Amino acid sequence: MADETGGAPERRMPLFRRQAIEGAPGTLRLEELAFAAKFILRLDPQAGGEAFGAATGLDLPPAPLMSVVNGERAVLWLGPDEFLVLAPEGEAAGLADAVASGLKDVHHQFTEVSDYYTCIAVEGPKARKALMKLTTLDLHPRAFSVGTVAGSNFAQAQGWLWLEHEAEGAARFRLYVRWSMAEYLWGTLAEAGREWGLPEQEPVTGEPMLTESVTSRKA
Amino acid sequence: MFVITCPYCGERDLSEFAYGGEAHIARPEWREDMSDAEWAEFLFMRTNPKGILAERWMHAAGCRRFFNMLRNTATDDILAVYRIGETPPKVEARLPATPSGEAPIGSGNDAVKIIQPGEGA
Amino acid sequence: MGKQPYRAPKGGLVQRNRVIRFTFDGRSYPGHPGDTLASALLAHGHHMVARSFKYHRPRGILAAGSEDPAGLVTIGADAKRRDPNTRVAEQELYDGLVASSQNCWPSLLTDFGAINDAFARFMPAGFYYKTFKGPPGTWTGLFEPIIRAAAGMGRAPEPGDPDRYEAINRHCDVLVVGGGPAGLMAALAAGRSGARVILVEETARLGGSALARDPDRLAFDGTQPAQWVADIEKELATMPEVTVLPRTCAFGYYANNFVGLWEKVSDHLPEDKRLGHLPRQRLWRVRAREVVLATGALERPLVFHENDRPGVMLAGAVRTFLHRYGVMAGRRPAIFTNNDSGWVAAFDLARAGAEIAAIIDVRREMSPQHLAEAARLGIPIHASSTVVATAGYRRIRQVEVRPLHEDGTVGQGGSKIACDVLAVSGGWAPNVALFSQSRGKLAWDGELAAFRPGLSWQRERSAGAANGTFALADALAEGARAGVEAAAAAGFASGDVTVPEVEGAEPGQGRIKVMAELPSHLPAHRRRAWIDLQDDVTAKDLRLAVQEGYSAVEHAKRYTTTGMGTDQGKVVNLNAFAFLAAERGEDPVKVGTTTFRQPYKPVTFAALAGQHMGPHFLPRRTTPMHAWHRRHGAVFEPVGEWLRPRAYPREEEDFFAAVQREARTARSACGVLDASTLGKIDVKGPNAREFLNRVYTNAWMKLAPGMCRYGLMLGEDGMVMDDGVTACLADDHFHMTTTTGGAARVLAKLEDYLQTEWPELKVYLTSVTEQWAVASICGPKSPELVGEILDDFDPDPEKFPFMAWREATMAGIPVRVFRISFTGETSYEINIPATYGRWMWRTILEKGQKHGIAPYGTEAMHLLRAEKGFIIVGQDTDGTVTPHDLRMSWIVKKSGDFIGKRSLFRSDTARTDRRQLVGILTEDPELVLEEGSHIVARRNEPAPPVPMLGHVTSSYYSPNVGRSIALALVESGGTRIGDRLFATRGGLPTVPVRVTETDFLSLKENRQLPQAPREALNG
Amino acid sequence: MHGYNVLRLVREGLTGHKGWQPAWRKAEPKSSYDAVIIGGGGHGMATAYYLAKIHGMTNIAVIEKGWIGGGNAGRNTTIIRSNYLYDASAAIYNHALTLWKGLSRELNYNIMMSHRGVLNLAHDEGEARQLKRRVEANRLNGVEAEWLEAKEVKAFCPPISVAADARYPVIGATLQRDGGTNRHDAVVWGYARAASEMGVDIIEQCEVTGIATEKGAVTGIETTKGHIATPKIASVTAGHTSVIANMVGVRLPIESHPLQALVSEPLKPVMPCVVMSNAVHVYMSQSSKGELVIGAGIDPYLSYTQRGSLDIIEHQMAALIELFPFVSRLRMMRQWGGIVDVCPDASPIISATEVKGFYVNGGWGTGGWKATPGSGHAMADLLANDRPNAIAAPFTLERFVTGDLVAEHGAAAVAH
């Protein structure tokens, strides 16, 4: 088959088949963001927050559900001793080394999850409403302001929602979801946006399965 | 389908949490002479109260932290949330109305749905 | 039929200038936008629309809303869009609507089922409990099919529903249920405070009872009702935080102020106008800080002989049809009432041009004001009278009225009055369904002779008629107050609301005279006074229930089926409770009510499922190599949420042949398995080893960096829960793997121990399952292949031994290579960052081609591991199996505690004659046992119960052993090696088998496979 | 006994049904009984009936805090089957099934025992493997069971979807042909009527407030209708077993959970049998009245609130539509909840306790209804003879200490 050439390493995101989609103008847009470095940091902020800051130039979020952005790097609060650290793709190795040496005397864990998670950008004036078809989080501007991070279930997929930016009523959310759930979540998000004209995104289904039990059939 | 206040993330829908069973059941230290009955007590025996229960929950879809909660199992009223390792706070429950601890709702007892003579507001 | 003979000359909120057409039972009729199916049918004088459940009696339209128990039809021309049991009073009319009657054959007017009615005296409540008790089988075979065919109502649609549905979550500060006068005021007040408000109205437009009044005789601050409502609606629309939802029913009030709303988005549109981008219906899952219940009141029917004829309607419904829809329910109506509200209906009808046949009032004393008005309008009055009989088939045509004595008997004489509709009013009761669902306690109100909200349980308040406040001015004030208070309780300063001045207020229902069943000249057992019009429960049935001891309200309900119809007794239950109280001679408070359950009215299944149907039903978790698997003909199997390739059948190869080929290739050349789905957990911290020591049954203190170890994890009950290989990355850093299905459970359990049981251990866990795409390459050619695909890598199994791992690169991409094996072959498990997984997989297969590589699926994997006797947790274990039962005692350390250890010493768990895992070889090497076959001691099965020694957990035809193989859990299996036992085969003759060790490949290598005795070969 | 039959019905029909007597006496408590059964549900009534009928103990009372049959008896989805995996379970559930078959005649009360057949679906090879193992165990234990391939499933139950591209395709099912459904209220009323006729006192609206003991033995029971002396007390209060046991300090391995069910609006016959699915997590049958009776899972947390919630129902509906596409436009008419007490091994407790004279019958989890006659039969025997008979022996409390559990998680199946 034509595409069966090994060749140079080829990187494919989970939603590589999916183009960005958009509803009626000024409503809603979905896009899988380009590859970026992601790490899970497990660390007691009391014990190692300063050392982490010294090593990476990043403060840890001062309170739950908050994020800290410094240039192209960001830290998202996931739990009292758990953070998602974001950086441009090229900085992954350097970041890991910096943390390893800067925190070598502090009990911590810095695990690369760049490939574990992908990120779907959900943006536009209807972004909040579209996401509320999937999650029980209160996404009203009074309850979910810019910079907020929350882990929740989005339909049947766990994910991390970060309101990165909002201007003139158009919110830009980033939704971090694990690889294997991306296709499902994309389809469900698109379905939620049908009301505003998002095109239908037929999920990849129809895998052939056996419809009879074949245990121990004879030779 | 109640709302649970995660001690870290705040009010969230029940669907984000995983139930962890009765709280404050310490795993016994291993001893050669521990009796089967003693072990069974840890393994299986539960208070299962109709009333105030100390229980464990994990914020599975959020911060993944375990925490403890006091809940009135007769009404599902959540009375307190506290962190692992903390002692349960003193709480009062809206007490069940009938002697055996019958819930003030949903039983086969008609009295629970309707204000009976002499029952104050 | 172009005319609408019963359309009032003026009035109503329908668009009279537009005509739309609908069909009922195949006949086409005109109607207007704004009509319901009920109002459109009534405009043609069509009262009879249905048949009742049990006796198939003719049924008309009793009420004007969703509370109607009687008027049920099937909607929809297309069998895939068929909606049975739809209330005509609720269905909005649209152009092209197709309705048909149900529960009748061959037609509505001529229904053979009506024969039941002739035998009604032999079919009282619960008759079926006393009959049809023949020998076993007669119920299932004989009586039940007949009863079932007669029961039921409409027919289910065909599969293939073309419509979409969706669910939405929403939080708000104040949820107002009910768009009538009180609800409007509450929403306005709360809205002005800036609070987030949702206002829900069940019908198509706001206004509620204000629209059921003569617009010329009611004004709010001088404005006509419809205009007043429109003004409020306009103001609400300007408030960004207010959401108004018409056509939406608050159907369920759950814990913590969670309220389910059901919005009908497009059910009122012609089928060709239903917009594809909008769903048919929506479920709103609302979490409200405060709730205002302004759900209004429901009118009770009166219980009298022959009160079930089409044309007997609630007086309030008659008014609603007149003022809201511009329809005269009849030209010569009679009114039958026990309170003042029936009179008002009569006056409205008279003013609209009807000739009022009579007002029949059971009371002796009536409002002088009303008497004067009646006299002015020339309406005949029958005071202290009751209807004792009615006549008419398709609609009522006559009532027989007799005087009612103080002692509750009827006098002689009286008169027969011709009429074409009978408007009845038994008084109004607050609609407390949602309040009661919220766990609020009801209070008995003797003056209303009804229950009203008493003690609230949740953060909720009732207002207006729902709270028993019937006078319009008071209801408005109460609604406004409720809105202000609710907003304040939610933290919003009150908005400024002025309650409008009402002109034309009505005095209410006056003093009501409740009689559970109105008397008649007929003896009680001859009277047929309906209480439940849908399920055909009469006063007689309830009396019989009490007589037979089913007098508790729930017993009476269940014995007679009162209130168990699709209306769930919204209006009829009130009479049932009153009747029970009277019959038992007890206070209504003692009798109580049945439980007001969710939903308030029936809610579509698909709306509850929302968008999570069809392709969006459940996630299909897939690996980075999934597309390749699909393109290459993989057959999949669900493993938890994952879909894994099970085999890759080639053309003209069936599944079994594919598995055999894949398994052969894996041992003779090279095979590759997508193992990405295995759970992976990064374990790090100074106490990581101690942690592993406690969670696995074996010891971990000495595992060197660069090496791996297999571990079994138990539950505290000592039973095997999960297994996997853990690699030591550094002294304080490990890479743990779990089974595919167990990943989430294991991580949660490990976190549990760390956070709650052993907080002193410094260990962090992070899931890395999907960080890595994993290809497991095995077979004699695998070292060569691995050497080719990795950069500068020496795969020599001598130097890179079994159970070691190395870091390496593949075309420059860092990978981790594990020398671990689930097949017993030389194996390499390559982990690469997932985004490169697809590329890695293709590279392996391309470069493996010259080595004869074949991808293999989970089925071949299962077979390959069974050839070596390796277990699969969940297949060879079932939650009742210890490591000792698996004869894996070698993996259980003697010293130190671990999860589940103590349980292994319990008296039963420590027994040595438990079922143990052994190999099973059929004496006929070609015979493959069915998994789940049982092992027994004797060839011939005795009569049941047959003593069972165990069962087959895994069974395959093994191409590499060259015969069938099986694993089984067998009682004292370890001591039976070599024994001859028998395997059952679903009733076929048992077959002889040999108990063996489990590593079949070694048995073969060592020539220890048992030889079949002659008799087996000879069959 | 004042018999129920067609002739009598016709006669009464002609004379206004004036001759029917109360089905059971409305008894008030006597000062003492030979035994008191707490709980007027199916199991409690059956216990009383068999105590009186088989063991001749008629000086006994059933006390019920509300109205009889108002707890789980009136809230379950009435599925009857006996296709359990282990010998101990097969024995008790099949014993129950045998009793069910003749119960309408025995009680002279039509319990509408409909042997419509019960399908347990397999959606993957793992399930198929477990179910086939169960079928074989059933066969060897004399329980009617057979394996159907997908196309046979479709033939037996046409509305089911066996689409190959379903998220969880049906690959086969077990069928127990003599399984089915019955009418729950009728069972309770029928037992009550027959027991009352033999002299058993059925005392409603009587709530237990305490249990009196002396030297580790039961002496009486405190109720809202006063003290009743008795040497033997049977707690048959599934759902609330712990509440009663806590009164005498007996610790149990039980947790109580809400379990939900719902019905659709009535329809003409469309579902020919009972269908249960573990993977998709639903089960459905159609009542004689025409409603689709649908069960959901238990709430995962401990609770005694007998009420429905919405989240469980939503998931369940999606699953149901996946399996039975024709239901999407149908409507949920009523939802409710009951409280089930769940044992760690998904098997019941029929046991004496460390308190002499205090016996427990409970822990039936989500599937107690089908056992009703068998449970009552065994419990009566235990109460009368103070030692478990062969059927009850595997279900004593001892097993939680020794580890000899009857792990029926697979066969207990989806909550029902």
Side-chain angles (χ1 to χ4, degrees), chain C residues 83 85 121-122 124 127-133 136 139-140 144 147-148 151-153 155-157 159 161 252 254 260 525 544 547-549 552 554-555 558 566 597-599 602-606 608-609 612-613 617-618 637-638 879-880 906-909 931-932 934 944-946 948 951 984, chain D residues 4 6 9-10 13 16-17 20 22-24 67 70 101-102 104-105 109-110 112-115 124-125 129 132-133 136 140-142 167-168 185-186 265-270 288-290 308-310 313-314 317-318 321-322 325-336 402-404 407:
Chain C
D83 293 320
N85 305 334
R121 60 175 13 180
F122 307 116
F127 76 97
Y128 31 79
Y129 298 130
K130 295 169 177 155
T131 49
F132 312 132
K133 303 180 301 290
W139 173 255
T140 314
E144 183 182 32
I147 289 192
R148 279 176 182 268
M153 298 287 280
R155 277 166 56 228
D161 184 356
Y254 301 91
H525 73 273
L544 178 64
Q547 176 187 328
E548 296 192 86
E554 283 281 356
H555 281 157
R558 287 156 183 261
T566 60
R597 298 266 184 213
Q598 300 97 351
V603 175
T604 312
F605 286 179
L608 293 168
H612 310 293
M613 291 191 292
F617 169 44
L618 281 180
E637 74 168 331
T880 67
R906 292 177 298 175
S907 63
D908 187 77
T909 321
E931 285 168 357
H934 278 62
V946 180
M948 296 169 238
H951 73 282
T984 66
Chain D
Y4 288 162
V6 177
L9 189 67
V10 171
H17 296 285
W20 301 113
W24 63 91
W67 36 279
K101 286 177 180 172
S104 288
R105 296 191 111 188
Y109 204 105
N110 185 3
M112 303 186 182
M113 184 62 238
S114 169
H115 300 281
D124 60 41
E125 209 57 59
R129 190 179 294 123
K132 286 178 176 179
R133 172 186 172 193
E136 191 67 343
L140 296 171
N141 272 322
R167 180 64 181 79
Y168 286 106
D185 293 326
E265 295 179 325
L267 299 159
K268 291 296 176 194
V270 59
S288 307
K289 201 162 174 277
S309 66
L310 195 58
I313 300 289
E314 291 173 65
M317 282 303 144
I321 293 167
E322 178 81 359
F326 81 93
V327 304
S328 70
R329 298 180 82 86
L330 301 180
R331 305 185 194 107
M332 168 171 86
M333 185 171 81
R334 188 175 178 87
Q335 70 171 121
W336 65 92
T402 65
D404 188 12

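Source: prediction; values computed, not measured.
For a residue to count as touching a neighbouring chain, one of its non-hydrogen atoms must lie under 4.5 Å from one of that chain's; by this rule C:H555 touches chain D with backbone and side chain alike. For chain D, the nearby parts of C:Y128 are the backbone and the side chain; heavy atoms of each come within less than 4.5 Å. Only the side chain of D:Y168 comes within contact range of chain C, judged by heavy atoms closer than 4.5 Å. For chain C, the nearby part of D:I321 is the side chain; its heavy atoms alone come within less than 4.5 Å. Proximity to chain C (any heavy atom under 4.5 Å) is restricted, for D:D185, to the side chain, taken from C-beta onward. For C:T880, the part lying under 4.5 angstrom from a heavy atom of chain D is the side chain only. For C:L544, the part sitting under 4.5 Å from any heavy atom of chain D is the side chain, from C-beta outward, and nothing else. The part of C:M613 that comes within reach of chain D is its side chain, from C-beta onward, which places non-hydrogen atoms under 4.5 angstrom from that chain. At a 4.5 Å heavy-atom cutoff, the contact between D:M113 and chain C is made by backbone atoms alone.
Between C:H934 and D:L140, the closest heavy-atom pair is CB-CD1, 3.6 Å. In plain terms, the two heavy atoms of C:E144 and D:S288 that are nearest each other are OE2-OG, 4.3 Å. Heavy-atom minimum distance, C:G549 versus D:W24: O-CZ2, 4.2 Å. The minimum heavy-atom distance between D:E136 and C:G932, with the atom names listed, is CB-O, 3.5 Å. Residues C:G152 and D:P266 share a closest heavy-atom pair of CA-CB, 4.1 Å. Residues D:L310 and C:Y254 approach most closely at CD1-OH, 3.4 Å, considering heavy atoms.
How far CD of C:E548 is from CH2 of D:W20: 7.0 Å, rounded to the nearest 0.5 Å. Separating the CD atom in C:E637 from the CD atom in D:E125 is a distance of 7.5 Å, to the nearest 0.5 Å. Note that CZ of C:R155 and NZ of D:K268 are 10.5 Å apart. Values are rounded to the nearest 0.5 Å. Expressed to the nearest 0.5 Å, how far NE2 of C:H612 lies from CD of D:E322 amounts to 13.5 Å. Going from atom CZ of C:F605 over to atom CD of D:E314 covers 13.5 Å, rounded to the nearest 0.5 Å. Note: C:K130 NZ to D:N110 CG = 12.0 Å, rounded to the nearest 0.5 Å.
No other option in C:D908, C:V946, C:T909 has as many heavy-atom pairs under 4.5 Å with chain D as C:D908. When each of D:D124, D:V10, D:I313, D:V270 is scored by its heavy-atom pairs under 4.5 Å with chain C, the top score falls to D:V10. For chain C, the option among D:S114, D:G16, D:G102, D:P325 with the highest count of heavy-atom pairs below 4.5 Å is D:S114. Ranked by heavy-atom pairs shorter than 4.5 Å toward chain C, the options D:A318, D:A407, D:G142 are led by D:A318. If you tally non-hydrogen atom pairs under 4.5 Å between each of C:K133, C:Q598, C:R121 and chain D, the highest count goes to C:K133. Most heavy-atom pairs under 4.5 Å with chain D, from the set C:P602, C:G252, C:P638: that is C:P602. Put simply, of C:R148, C:H951, C:H525, the one with the most heavy-atom pairs under 4.5 Å next to chain D is C:R148.
Remark: D:R133 engages C:D878 in a salt bridge (Lys or Arg N to Asp or Glu O under 4.0 Å) (not counting sequence neighbours). Residues passing the side chain to side chain contact (heavy atoms under 4.5 Å, CB included) test with C:D161, sequence neighbours excluded: C:D163, C:Y165, D:S328, D:R329.
At least one side-chain heavy atom of D:R331 sits less than 4.5 Å from a side-chain heavy atom of C:D83. In this structure the side chain of C:P945 reaches within 4.5 angstrom of the side chain of D:N141, judged on heavy atoms. At a threshold of 4.5 Å between non-hydrogen side-chain atoms, the residues C:N85 and D:L330 do not count as touching.
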